[in-house]
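Only one structure is covered here, and it is reproduced in the block below.
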There are 2 protein chains.
Amino acid sequence: MTSPTLSDVARAAGVSYATADRVINNRGNVAEKSIAKVREAVAALGYVRNVAAANLSRGRVYRLAFLIPRGSNAFFNRIRQHIEHTAAHQATERVTAEVIEVAAFAVEGLQDSISDLLERDFDGVAIVGLQSAALEVPLAALRDKGVAVVGLVSDLPQAARAAYIGIDNIAAGRTAGRMVGLAHGGRGGRVQTFAGSLDARDHAERLTGFREVLQTDFPQLELLDPIMTKDDAQVLNAQTRQALGQTELTALYNVGAGNSGLIAALQEERGTRPFCVVHELVAHSRQALLERHIDLVIDQRPDVEINRAFTVLRALIDQKELPPMPDLVPTIYVRDNLPADTLTDKMKAKIDD
Amino acid sequence: MTSPTLSDVARAAGVSYATADRVINNRGNVAEKSIAKVREAVAALGYVRNVAAANLSRGRVYRLAFLIPRGSNAFFNRIRQHIEHTAAHQATERVTAEVIEVAAFAVEGLQDSISDLLERDFDGVAIVGLQSAALEVPLAALRDKGVAVVGLVSDLPQAARAAYIGIDNIAAGRTAGRMVGLAHGGRGGRVQTFAGSLDARDHAERLTGFREVLQTDFPQLELLDPIMTKDDAQVLNAQTRQALGQTELTALYNVGAGNSGLIAALQEERGTRPFCVVHELVAHSRQALLERHIDLVIDQRPDVEINRAFTVLRALIDQKELPPMPDLVPTIYVRDNLPADTLTDKMKAKIDD
DNA sequence: CTGAAAGCGCTTACAG
DNA sequence: CTGAAAGCGCTTACAG
């Protein structure tokens, strides 16, 4: 009934414990014959290595690093917070996580930060990445050193990481498009989008998905050219005012950050304001939802992403199969299905956008 | 740097390892003085018990049971599947999970099944519950035996369980109401709801939430009395046809199961069909979404719930603090943000509704 | 009330 | 290429 141990395997194979261990862990220096015997015994008994015992015996500590863009962006504050939180609550499991800030959205800065990682003894790193071939060399060096690497929120070059933990941004844009379309209830309208920059892959993908759905399923809606904002709240504020003044808009969709500016502009609007969709649930977007200045928030659930980053990195480090994990899905929030607000006041004070 | 062990604590406190262990684990038979000394040492060193080592040494196995309604309901099939899946992938961690089927929605059957649990040696059970005082006695007996109990999907009497793992059904209903309201784009309309039975607390709560939002925020919508369906696809099919024939409906919301019947009725509809919201993403609701027979699915993410049930039960059994966990939130699916379909064909074949 | 010792399933030198 | 033995941080009898 109780699962077989390595001793059982060794006995069944007619070899010593140490030899059985050698083949289980591919330590080499074992006769072909012994390998075969052990393999058979493993199969016959259905042996499965006890990772907890292994970790205990070797005093295993998982040293993880998270490379996150520097700056006071509300979303990344939330990410940072979740990392610290998760790490603290994994104390028992001997996992340490260090947050390393890198210059936001700059290839060279990221490249340097990744190189710096080589000097440190991390077992795994999660990186908010960029699509740039320049990152491939330092990432390869990391991998050669045996460090597990995953892309987080924004992907790295595919070949350079073991996994990507983040949402499908085309799907996110399509979802926004669907909701904007539905909210017109069959009527026509004029829709304005905002983006930080088209160089940011996630922004571009969201716009693409959004456009796809509008063109295909809601042809009665006119889609205006996107306004670029650099994710700056000031810019967003000015642009929103101007857009609202110029023509009759029925919907607004911001694929990027800087929402506090957009919300402020909307707040001054008299009469009916356009239907409004933004990304990421943070203090001010939550409040705007509750106060009815916006209608929908599409969120990528950074809490779930961080949780998953820990799980995936641990699995990669242990070289064991990844556990089954629910898909990461763009989550739609309205004012009625908001999760409880778990931010402390102290954290709130630090957040702006 | 490396965390202190119980030996460190014992040494610092000037007592033997065994005595330190006694106070850490409240085993009793320790002099007040020793207790105090150990407590001080623990505080001074910041000792935290290594659960993995403890489990290893005592050959810990977590034996879990899940009490799930019997029957071929697609949603509970999905739940069952996730339980087996999760259990299988926790093999390394020595967790076993047994699914026990109980007569669906019958207080007496559930009562008996809970009593039967007393004869078995489970460490923790998750129960798809009912609100009935009749359950309190057997549940109290379970608790007295030291078994951890949580309510799953549908809650048990509050005092009788350590936690509830499921969504807030009022919020789910409100969310549906919000979406239905938005989809009218400011126009008037006539809305029909369906429910299995008002005795089912979750159904009643969803209707309540739905009504709240419509009355408050969309007064131009006329809400017809709910039609009772016993969650039976046949009944739903007949009732939907009849309702569609009778008056001009602009929206449909089914708070319960039996959606295949509703979808079939909708499928035959010519011209524009009403906006349609149902609960739970399963094979046929997913397909209906993709084929545009319905517009929205509100899902409670059974995968996340099951995952959480394992985590919470383990924490309760270990008597350790619950790790921080993202709120369980009613998830909105449109055809654009569907997760990849992970069901195998074999599982699909077993599913109907 | 207290302590010494074996054992949980592994890994890691060390000796052959 | 192979094996015996100590140790990871705990729990569990057992002896005092």
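Owing to the predicted nature of the structure, the values given are computational and were not obtained by experimental measurement. Keep in mind that the numbers below use all heavy atoms, side chains included, and drop hydrogens, waters and symmetry copies. Just so it is clear: chains get the letters A, B, ... in the order the sequence lines come, proteins before strands, and each one is counted from 1.
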Quick check on DNA chain C: between B:V15 and B:L56, whose nearest nucleotide comes earlier from the 5' end?
B:V15
Quick check for you: to the nearest 0.5 Å, what is the distance between B:N50 atom CG and B:L6 atom CG?
11.0 Å
B:S16 side chain: which of C:dG3, D:dG3, D:dC1 is closest?
C:dG3
Any chance you could measure B:Q111, atom CD, to B:S132, atom OG, to the nearest 0.5 Å?
7.0 Å
On the ring face of A:Y62, is A:R314 found with NZ or CZ under 6.0 Å from the centre and within 45° of the axis?
yes
Verify side-chain contact (heavy atoms from CB on, under 4.5 Å) between A:E98 and A:I83, making sure each step is shown before the conclusion.
CA-CA 8 Å; A:E98 183 170 331; A:I83 294 170; over 6 Å; no
Approximate separation, where rounding is to 0.5 Å, of A:R78 CZ and A:Q300 CD
8.5 Å
Pairs under 3.5 Å (Watson-Crick or G-U), crossing ones as [ ], inter-strand ones as |: DNA chain C comes out as |||.||||||||.|||
What heavy-atom pair brings B:D123 and B:V61 nearest, and what distance separates the two atoms?
OD2-O, 3.2 Å
ring-ring contact (aromatic ring centres under 6.0 Å, His included) with B:F66: which residues, sequence neighbours excluded?
B:F310
Each nucleotide in nucleotides 10-16 of chain C should get exactly one letter: B, S or -. Can you fill that in based on protein heavy atoms under 4.0 Å?
BBB----
Can you tell me if A:D303 and A:N307 form a side-chain donor-acceptor pair at under 3.5 Å?
no
